[in-house]
There are 4 protein chains.
Amino acid sequence: MSDRTGTRSGGRPRDPQLDTAILEATLHLLDEAGYTELTLEEVARRAGTSRPAIYRRWAGRAPLVLSAIATRLDVPSPPDTGCTLCDLAESFNIFLAAYRTIRPDALNALYSECVRSPELQERYRRTVVEPSRTAVRRTLEHATARGDLREDADREQLLDFVASLVHYRVLFGRHLSDDDAERAIETLLRGAAVDYGALLEHSEALENGHLDDDGTHHVHIGG
Amino acid sequence: MSDRTGTRSGGRPRDPQLDTAILEATLHLLDEAGYTELTLEEVARRAGTSRPAIYRRWAGRAPLVLSAIATRLDVPSPPDTGCTLCDLAESFNIFLAAYRTIRPDALNALYSECVRSPELQERYRRTVVEPSRTAVRRTLEHATARGDLREDADREQLLDFVASLVHYRVLFGRHLSDDDAERAIETLLRGAAVDYGALLEHSEALENGHLDDDGTHHVHIGG
Amino acid sequence: MSDRTGTRSGGRPRDPQLDTAILEATLHLLDEAGYTELTLEEVARRAGTSRPAIYRRWAGRAPLVLSAIATRLDVPSPPDTGCTLCDLAESFNIFLAAYRTIRPDALNALYSECVRSPELQERYRRTVVEPSRTAVRRTLEHATARGDLREDADREQLLDFVASLVHYRVLFGRHLSDDDAERAIETLLRGAAVDYGALLEHSEALENGHLDDDGTHHVHIGG
Amino acid sequence: MSDRTGTRSGGRPRDPQLDTAILEATLHLLDEAGYTELTLEEVARRAGTSRPAIYRRWAGRAPLVLSAIATRLDVPSPPDTGCTLCDLAESFNIFLAAYRTIRPDALNALYSECVRSPELQERYRRTVVEPSRTAVRRTLEHATARGDLREDADREQLLDFVASLVHYRVLFGRHLSDDDAERAIETLLRGAAVDYGALLEHSEALENGHLDDDGTHHVHIGG
DNA sequence: TGCTAAGCGAGACGGTACGTCCCGTCTTAAT
DNA sequence: ATTAAGACGGGACGTACCGTCTCGCTTAGCA
């Protein structure tokens with residue numbers, strides 16, 4: 001749970017309830033005050049302990065908050081309905097999910113501090129960024145396998161486009177509507193889809209309840 | 001130059017050399033230490049003055065650094081060579097320029113602090129973000145006028161795509177190569193261009209020295 | 001009224017209402033907050049003016065407060081009832097009077113600051129100390145003339161004894177009772193009176209209403 | 001050594017060298033600049049530490065200076081030569097001693113600040129005032145036991161007279177000469193001695209080397 | 001009576017010192 | 001041996017007040 005597990009051979013065992021108390025205090029404080037306003041002093045106070053007890057477990061504020069965040073963010077599962085358009089729309093939501101779970105301003109302030117250390121930056125990426133990318137990457141792979149995306153389309157670039165757009169809009173307070181997402185998908189798929197028109201038709205068919213016999217949402221190209 | 005200019009009716013006039021000294025000290029310190037490590041104490045020390053003299057001019061660290069940054073960032077002019085592909089490639093550079101002028105980590109830490117106040121956030125946007133967007137927006141308008149972009153293409157969305165991609169890649173330390181930019185442009189233009197193939201051909205022609213008679217770089221659609 | 005009268009040749013005349021307002025604000029603040037807590041800032045605020053207006057009239061806090069005090073302390077008149085014991089008892093009250101008019105702690109803090117400049121010290125003496133001494137000195141002279149005190153008694157020493165005792169006891173918060181004063185007088189007069197016993201008898205006679213025919217309170221030595 | 005010793009159970013022990021450095025810096029600064037000009041900032045600077053380190057030990061300037069003074073003032077021992085006049089003369093010196101050890105203006109400014117708090121005032125009394133009074137009180141008791149002072153003489157009053165006279169004269173810059181002291185003693189003893197003339201004769205005899213057989217300085221009354 | 005310049009009012013300046021918060025570390029006692 | 005927790009030394013904060021400077025206005029005295 002904590003970063004600094006140490007040798008843990010002999011000696012007095014660490015109080016595991018303190019781990020929990022500290023992490024919970026951290027999360028509450030993060031919600032209330034944000035990252036910059038969060039002081040270890042106050043975390044210790046709320047956890048009913050002292051600052052050294054925190055430092056013994058984490059190297060500082062950033063690693064502590066990363067640990068705390070990790071207990072709350074859950075690993076997203078890749079959308080895979082067979083409808084590429086729907087899956088992509090859902091993918092936007094996956095990227096948005098982190099910002100709905102943790103205050104975006106806190107996330108950004110945290111990353112600003114993480115940037116100063118390669119390890120922290122990597123840890124932030126693994127904890128906050130990658131899970132969403134991994135899930136959406138899987139979704140894109142499915143779409144490609146399904147034949148909806150061109151084989152030669154740069155899927156990492158697509159990931160970057162989606163992830164960055166969501167990040168940018170959230171960061172600057174311009175919330176991304178479903179419609180925004182839809183139109184963004186259109187732009188991207190025009191460049192990446194084998195047949196964008198077909199994807200669109202299939203999606204509309206779904207909305208109208210015209211499902212395939214087998215109940216899946218495959219897009220029938222050249223059908 | 002400073003934020004707190006106030007009424008400035010009566011009273012002893014402000015020493016303008018101090019303004020300069022403070023701003024310069026701020027920029028140097030920003031380059032050396034980044035935003036989080038920048039303290040008003042040290043700024044005052046280097047500027048040969050005292051903290052209150054700074055507080056009299058700026059409300060705090062964030063506004064001070066914004067002012068300092070503003071003296072260094074220059075307003076970009078919109079690329080307009082007639083070659084849409086070239087212009088767009090150049091547009092990526094415009095968005096990158098700010099990060100080359102000011103340490104990206106400093107910019108992000110600064111924005112993290114600005115987020116806490118609507119005014120500061122707005123000020124950051126005006127100072128750091130908008131100039132690039134404005135320039136590139138103009139470029140897109142030219143391209144549209146030229147008939148290279150579809151009339152109904154969402155130009156603000158294009159701006160968001162480009163700006164966010166650059167921001168995201170820089171933020172996470174994955175520097176954007178020229179090739180990356182080129183391929184991103186391809187993806188975006190597939191969705192937004194009237195005739196992407198024609199744009200590509202024109203661009204290649206230019207590289208090979210095949211200029212039009214009139215020396216401009218018009219794209220001849222359907223030519 | 002103010003210290004710095006200046007050349008006063010041409011130019012805009014000084015607003016005399018400001019003098020008054022400043023002095024009154026000073027006295028009020030002195031009563032409320034004492035000397036150390038009294039700031040020119042606050043005086044100016046209460047007087048509805050600015051600090052420079054004060055500095056134009058007085059060289060600083062100490063001279064200002066001295067001026068303010070001077071408007072309140074009135075010159076005591078020397079006790080002269082003919083009864084030396086009574087007059088001396090009254091003399092103690094004269095020395096006490098200043099401390100009843102102005103907070104003793106304020107007076108002492110003021111003097112502590114005055115000590116740093118010979119002129120201020122002198123001014124303090126003239127304003128606060130000397131008036132009482134002058135009055136009591138007169139009283140002692142009358143007693144001597146009356147034949148109650150020895151010609152060769154050191155009257156300045158007596159003044160010092162009385163003044164210092166009062167100052168010391170007030171300073172250290174041990175208020176001097178009438179009885180204390182009476183017994184102090186006894187001690188001093190044992191050393192300074194021509195015939196202490198006679199003075200005592202006379203005083204007691206007065207209390208019992210045995211006045212001389214002429215209504216004065218002469219002491220009849222050798223009577 | 002410092003005021004805020006607290007429980008001192010657990011926790012990192014205080015650096016005792018800092019205590020010393022701070023106190024020494026305080027004394028030096030007190031000698032150089034006086035009390036009002038003494039700033040904790042400068043004390044910290046000279047002691048090579050920071051202001052918080054001082055505040056951790058003392059509640060402010062006054063308690064700090066009181067502690068510093070206490071390290072320099074040594075407890076006077078009561079004069080007891082057998083010659084009451086000599087002892088009293090020496091008693092004046094005891095009261096003067098504090099003012100010779102610490103700048104009188106500093107002492108007074110310090111007391112002016114102490115007055116604002118009962119605890120500080122008490123502490124000042126205990127540190128600066130009482131030691132001298134205690135010593136001289138003892139001397140007076142010896143004189144009484146010896147039969148030189150009247151049993152019913154108010155010895156506390158005598159203490160007040162001597163202490164206050166010294167304080168007053170020093171305060172107002174009128175240094176007390178030996179002769180002044182002698183004549184003051186005369187006045188006081190006229191009121192308090194059993195036989196002032198005999199005390200005087202005894203004292204003069206001592207000056208001329210006429211000691212008693214047993215080498216003590218008894219006063220022979222009625223001899 | 002109109003002009004000039006001295007002096008006034010007030011605002012704001014540059015700067016010192018304040019008392020506090022929080023950091024990251026050290027130390028003792030307990031487990 | 002290692003914990004829990006108190007306290008330490010210190011950097012930086014934002015503020016109050018100081019004493020001074022500058023401005024624009026008022027007014028006396030001269031033309």
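Throughout, a chain's letter reflects where its sequence line sits, starting with A, and its residues are numbered from 1.
- In this view, A/Arg51 and A/Leu40, A/Glu41, A/Tyr55 satisfy the side chain to side chain contact (heavy atoms under 4.5 Å, CB included) rule, not counting sequence neighbours.
- Listed pair C/Thr49 / E/dG9 fails the phosphate criterion, with no side-chain N or O lying under 4.0 Å from OP1 or OP2.
- Proximity of D/Val115 to D/Leu120: side-chain heavy atoms (C-beta onward) are nowhere separated by under 4.5 Å.
- Taking D/Arg72 as the reference, D/Asp31 meet the side-chain hydrogen bond (donor to acceptor under 3.5 Å, both in side chains) condition, with sequence neighbours excluded.
- Residue A/Arg12 has its side chain nearest to F/dA4 when only E/dC13, E/dG9, F/dA4 are considered.
- Rounded to an integer number of Å, the gap from CZ of A/Arg4 to C1' of E/dT25 is 12 Å.
- With sequence neighbours excluded, the residues that form a side-chain hydrogen bond (donor to acceptor under 3.5 Å, both in side chains) with B/Arg123 are B/Asp3, B/Ser67.
- Formation of a donor-acceptor pair under 3.5 Å by the C/Tyr111 side chain with backbone atoms of D/Leu171 is found in this model.
- Side-chain atoms of D/Ser112 and C/Asn108 include no donor-acceptor pair closer than 3.5 Å.
- Within the structure, the salt bridge (Lys or Arg N to Asp or Glu O under 4.0 Å) test picks out the following pairs touching residues 58-71 of chain D (sequence neighbours left out): D/Arg61-D/Glu113.
- With the end axes of the helix from E/dT1-F/dA31 to E/dT31-F/dA1 each set by five pairs, the angle from one to the other reads 10° at 10° resolution.
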Below 3.5 Å, can you tabulate the donor-acceptor pairs from side chains in residues 21-29 of chain B to any protein atom, sequence neighbours excluded?
unit_1, atom_1, unit_2, atom_2, d
B/Thr26, OG1, B/Ile22, O, 2.7

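- Atom CZ in C/Arg14 sits roughly 19 Å away from atom P in F/dT26 (whole-Å rounding).
- Put simply, CD on D/Glu41 is 15 Å from P on E/dG15, counting in whole angstrom units.
- Proximity of a side-chain donor or acceptor of B/Ser117 to a complementary backbone N or O of B/Cys114 within less than 3.5 Å is not detected.
- Listed by chain and number, the residues in a side chain to side chain contact (heavy atoms under 4.5 Å, CB included) with A/Ala59 are A/Arg4, A/Pro63 (sequence neighbours excluded).
- Residues of residues 15-29 of chain D that place a heavy atom closer than 4.0 Å to DNA chain F, in numerical order, are D/Asp15, D/Leu18.
- At a non-hydrogen distance threshold of 4.0 Å, A/Arg51, A/Pro52, A/Tyr55 from residues 50-61 of chain A come into contact with DNA chain E.
- In this structure D/Arg56 satisfies the side chain to side chain contact (heavy atoms under 4.5 Å, CB included) test together with D/Arg14, D/Pro52, D/Ala53, sequence neighbours excluded.
- A salt bridge between C/Arg126 and C/Glu119 is absent, with no side-chain N of the basic residue lying under 4.0 Å from a carboxylate O of the acidic one.
- E/dT25 atom C1' lies 13 Å from atom CG of A/Leu40, rounded to whole Å.
- Here F/dA12 presents its C1' atom at 11 Å from CD of B/Glu42, a figure rounded to the nearest Å.
- Residues passing the side-chain hydrogen bond (donor to acceptor under 3.5 Å, both in side chains) test with A/Thr49, sequence neighbours excluded: none.
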At a cut-off of 3.5 Å, list every protein nitrogen or oxygen paired with a nitrogen or oxygen from nucleotides 3-5 of chain E, distance to 0.1 Å.
none

